[in-house]
Visitor: 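There's a structure below that I have some questions on.
Both counts, for ligands and for their atoms, begin at 1 and track the order of listing.
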Amino acid sequence: MLKEIFMRSKKRNNTNANSGHHLRQEEKNTLRHSHFSGFFAKTNVVIWSYDFLTDRLTCSSGIERLTGYRQSDFETGKRVLTDLVLEEDRPGYEEKRYQLNKGENIHHQYRIVDASGAIKLVEEFISPKMDENQRLVRLDGFVVEVADSSDHGNPADLFPFHDPATGLGNRRMLETKIASYFQESPKKMFAIILIQFDKLKGISEYLGVKNEYKLLKILLGRLEGMNIPTDHLYRMDSSVFGLFLPKIRNEEEPKKIAKKMITNLETPVPLDDYEFLFPVKIGISFYPNDGSTGDELINRAEIALNHAGNYGDDRIKTYIPAMNIEARHVFQMEMELRKAIRQNELTLMFQPKVNARNHAIIGAEALIRWIHPDRGLIPADQFIHIAEKSELIDDIGDWVLGQTCKILADWTKRKLPAVPISINVSPKRFLKGDYPGLVRNVIRQMGINPELLEIEITETSLMENKEIVTDTIRQIRQFGIKFALDDFGTGFSSINYLKEFRTIDTLKIDKSFIARIDEDPQMSAIVKSFILLAKGLGMNVIAEGVETAGQLKFLTDNGCNIVQGFLYSKPLPRTDFEHLLREGEIRPNIGILANIMENDRRGYFRVNFPSRKEGWLTVKAVRGKSVNAGKATIYIKNIGGGGLCFVSDLNLPAGDQMILAFGFELKSDPFVLDGHIIWKKKLKKGFEYGVEFLIDENERAHLIKELNQVLVSQKNLLSDPFK
Ligand code: C2E
Ligand code: CA
Ligand code: CA
């Protein structure tokens, strides 16, 4: 009977006032005044007393701080503490309480969910009072908060199966669910869908936990509105939710559901004066195709999720085995990158920005490089996107900020004619509320002139989370720091939209447009309109990636005088850039081909495949350890005796630590040849790679003979490799 009362004693209206077993009045007063007015009233300690015969609870006001609900709610029975007990702690909680029936004191710990959704661990001591007939008439209890999730060493230990904020099961719970499903319906197909809200991470630091919780509630409400049972929905980490989808008939079903989810989730969420848009990405894996354990299936859905893009159908990805190759690489890179930060393997290079009218160096962009102990200099685009997938990017970004300011301070101290340096800041960093404060502290500490610092952010980052980003820019600009809109033209901002961003000082036209102005009249018209647009909005304009004299002429003819690119200089190590600074000016390298691609060192001829030859690759070994990865399709541009050049969506590392096998057919003769990637180049979509074969001379002779035959039929001998 006691069990029932504590499980659900909301039915407390039928009080029996004549029972004579109330707390005596003086006892009540004692409870109310002497104990509670002192220490206890100020801490998260609750003293309570429950009278069975009147069904009445009296408690101290500490209950308000502990639970976030009103004391009177509990005293009138509108709320029952038992209802706040975390679902999975309930069985233990009730069992323990059952001992009270026998007149035993109890002492136990359990967790409650407070009004804000936070989970708190409490300790409770209860002493039962029995009457002459050994009937329970009163309970006196004492509850104290022992720890909350924020000060507990490892929150995962405290919450083994639940996410504290939402009460949803966590990753471990989903694994358990899958395991039990295997037992019940071992042969049935099911899917794991992971839903990522890209911008959710860090939002609490900007908006506060309460608002984050409100946003979550709205988003989850939308999912539940799709009739997804909550016991199928899990929270995997701060921004990823998991859905267990049993009893599916085919792979199309989950994809359809995923599409519907995106439509539902991507309508703006109003909160206070803001409207939030949470772009969604989805990764899907299937049982039995993609794995045989919960861990494996979740892992593969994560891999698929990491491959999801930002727009359209690209936002939904189902797992394919080739993805594993990349996942392994990303994992390894991430570990190495963490070490690189600790061991000071990162460095900055400086690429001058030049006024083409008078050759004056008017600034520079700081670009990060990784000096790897084995692999040498690794350019930014080979690791920044990996860092951006984790918190690493924040550490790197803050390092770049600190390092740039340190160098600027040093230049000022050494009386070098310092110029403004721009740094690239990842949009993710802006979502954490502490960025303006950090920037202010760093420039103050280093004592640098804030006008020497410029921040480049990409156009797309400006459009997502518009409010937060513009607000952050506004705050930082107040210190005197300027902003440039990087990669301009690659996003989708309209003129109207740009007008709102008076907070941006400079438009930086993306190098992909500049690369094509020589040959594509449409492109030159677009670049012209960008220049006019910037001027019309009162912004400065700069062109990046300027490589040829023709491009330079076009730009200056059309009023864009500030340029950056290989035509003037590649990014330079600090000391080289300091020499330039002293000179103060730089002339274009007209006549020198600014093409940095490597040549086929062995000088073999190459056969071009203008319409790309289909082939495949697989990873054979990483750092001498053999691996068994799936095959991925590649598109081959050319093949020579020394190597080949291919295009693929996969992002693979260049270097000799990874041995791959490449498969293709020449004149219906199949070839499978080992090789490693010696260079890579990022394309608008995917990557282009140069491969050096690791083959013996017999294999090479056979290959060359076949290639010769292809050449004869193609009649296109090409002397310039890789082109
Ligand atoms: P971005 O901000 O667009 O940087 C310009 C990139 O173009 C640099 O590549 C630069 O070396 C390259 N570049 C400069 N002139 C030319 C040229 O004439 N032709 C061609 N084809 N390329 C040119 P990098 O240094 O490899 O950086 C790639 C991207 O990585 C950067 O693109 C930026 O988005 C990111 N990145 C670089 N450093 C940092 C950093 O410190 N923090 C963050 N968050 N991102 C960084
Ligand atoms: Ca940049
Ligand atoms: Ca750029």
Visitor: Give yes if a backbone or side-chain nitrogen or oxygen of Asp486 is under 3.5 Å from a nitrogen or oxygen of ligand 1, and no if not.
Guide: yes
Visitor: Under 3.0 Å from the Ca ion (ligand 3), which protein N, O or S atoms do you find? Ignore water molecules.
Guide: Asp486 OD1, Asp487 OD1, Glu544 OE1, Glu544 OE2
Visitor: Give the intermediate values and the outcome of salt bridge (Lys or Arg N to Asp or Glu O under 4.0 Å) for residues Glu336 and Arg623.
Guide: CA-CA 13 Å; Glu336 286 188 23; Arg623 294 183 177 280; 2.9 Å; yes
Visitor: Answer yes or no: is there a donor N or O on one side and an acceptor on the other, between the side chain of Arg315 and the main chain of Gly312, under 3.5 Å?
Guide: yes
Visitor: Among the heavy atoms of Glu365, does any lie under 4.0 Å from an atom of ligand 1?
Guide: yes
Visitor: Could you list the residues that satisfy side chain to side chain donor-acceptor pair (under 3.5 Å) with Gln657, not counting sequence neighbours?
Guide: none
Visitor: When you measure from the heavy atoms of Gly397 to every atom of ligand 1, does any distance fall below 4.0 Å?
Guide: no
Visitor: Under a 4.0 angstrom heavy-atom cut-off, which atoms of ligand 1 come close to Gly565?
Guide: 15 (N), 18 (O)
Visitor: Do any nitrogen or oxygen atoms of Gln564 come within less than 3.5 Å of a nitrogen or oxygen of ligand 1?
Guide: no
Visitor: Just to confirm my output: which protein heavy-atom neighbour is closest to atom 15 (N) of ligand 1, and how far is it?
Guide: Gln351 NE2, 2.9 Å
Visitor: Relative to each other, are the rings of Phe430 and Phe483 parallel, tilted or perpendicular (30° and 60° limits)?
Guide: perpendicular
Visitor: Which heavy atom of Ala632 sits nearest a heavy atom of Ala322, and at what distance?
Guide: CB-CB, 3.3 Å
Visitor: Closest non-hydrogen protein atom to atom 38 (N) of ligand 1, residue and atom name please, with distance?
Guide: Ile368 N, 3.1 Å
Visitor: Parallel, tilted or perpendicular for Phe577 and Trp411, by the 30°/60° rule?
Guide: tilted
Visitor: Is the shortest side-chain heavy-atom distance between Leu581 and Phe350 below 4.5 Å?
Guide: no
Visitor: Just heavy atoms, cut-off under 4.0 Å: does Asp487 contact ligand 1 by side chain, backbone, both, or neither?
Guide: side chain
Visitor: Kindly identify the option in Asp394, Leu346, Asn424 whose heavy atom sits closest to atom 33 (C) of ligand 1.
Guide: Asn424
Visitor: Centre-to-centre under 6.0 Å for Trp679 and Phe646, is that the case here?
Guide: no
Visitor: Report the nearest protein non-hydrogen atom to atom 11 (O) of ligand 1: residue, atom name, distance rounded to 0.1 Å.
Guide: Pro571 CG, 3.4 Å
Visitor: Where is the tightest heavy-atom contact between Ser426 and Ile393, given as atom of each residue plus distance?
Guide: CB-CG1, 3.7 Å
Visitor: Give a yes or no on whether the backbone of Gly559 and the side-chain of Lys535 come within a donor-acceptor separation of less than 3.5 Å.
Guide: yes
Visitor: Donor-acceptor pair, Glu456 side chain versus Ser422 backbone, under 3.5 Å?
Guide: no
Visitor: Lys482: what forms a side chain to side chain donor-acceptor pair (under 3.5 Å) with it, not counting sequence neighbours?
Guide: none
Visitor: Please determine if Arg429 and Asp434 form a salt bridge, counting it only when a charged side-chain N lies under 4.0 Å from a carboxylate O.
Guide: yes
Visitor: For the backbone of Ile517 and the side chain of Gln551, can you confirm whether one donor and one acceptor N or O come within less than 3.5 Å of each other?
Guide: no
Visitor: Counting each atom of ligand 1 from 1 as listed, which ones have a heavy atom of Val400 under 4.0 Å away?
Guide: 41 (O)
Visitor: Is atom 4 (O) of ligand 1 less than 4.0 angstrom from at least one protein heavy atom?
Guide: yes
Visitor: Return the closest protein heavy atom for atom 36 (N) of ligand 1 as residue, atom name and distance.
Guide: Ala380 CB, 3.8 Å
Visitor: Examine Lys511 against ligand 1 and note whether any of their N/O atoms are separated by less than 3.5 Å.
Guide: yes
Visitor: When you look for heavy atoms under 4.0 Å from ligand 1, do you find them on the side chain of Leu367, its backbone, both, or neither?
Guide: both
Visitor: Please confirm whether Glu388 approaches ligand 1 to less than 4.0 Å, judged on its heavy atoms.
Guide: no
Visitor: For atom 23 (C) of ligand 1, which protein heavy atom lies nearest, and how many Å away is it?
Guide: Phe566 CZ, 3.4 Å
Visitor: What pairs meet the side-chain hydrogen bond (donor to acceptor under 3.5 Å, both in side chains) rule with one or both residues in residues 437-454, with sequence neighbours excluded?
Guide: Lys353-Glu454
Visitor: I need the OE2(Glu365)-the Ca ion (ligand 2)-OD1(Asn424) angle, rounded to 10 degrees.
Guide: 90°
Visitor: Around atom 21 (N) of ligand 1, find the nearest protein heavy atom and jot down its residue, atom name and distance.
Guide: Glu547 OE2, 3.1 Å
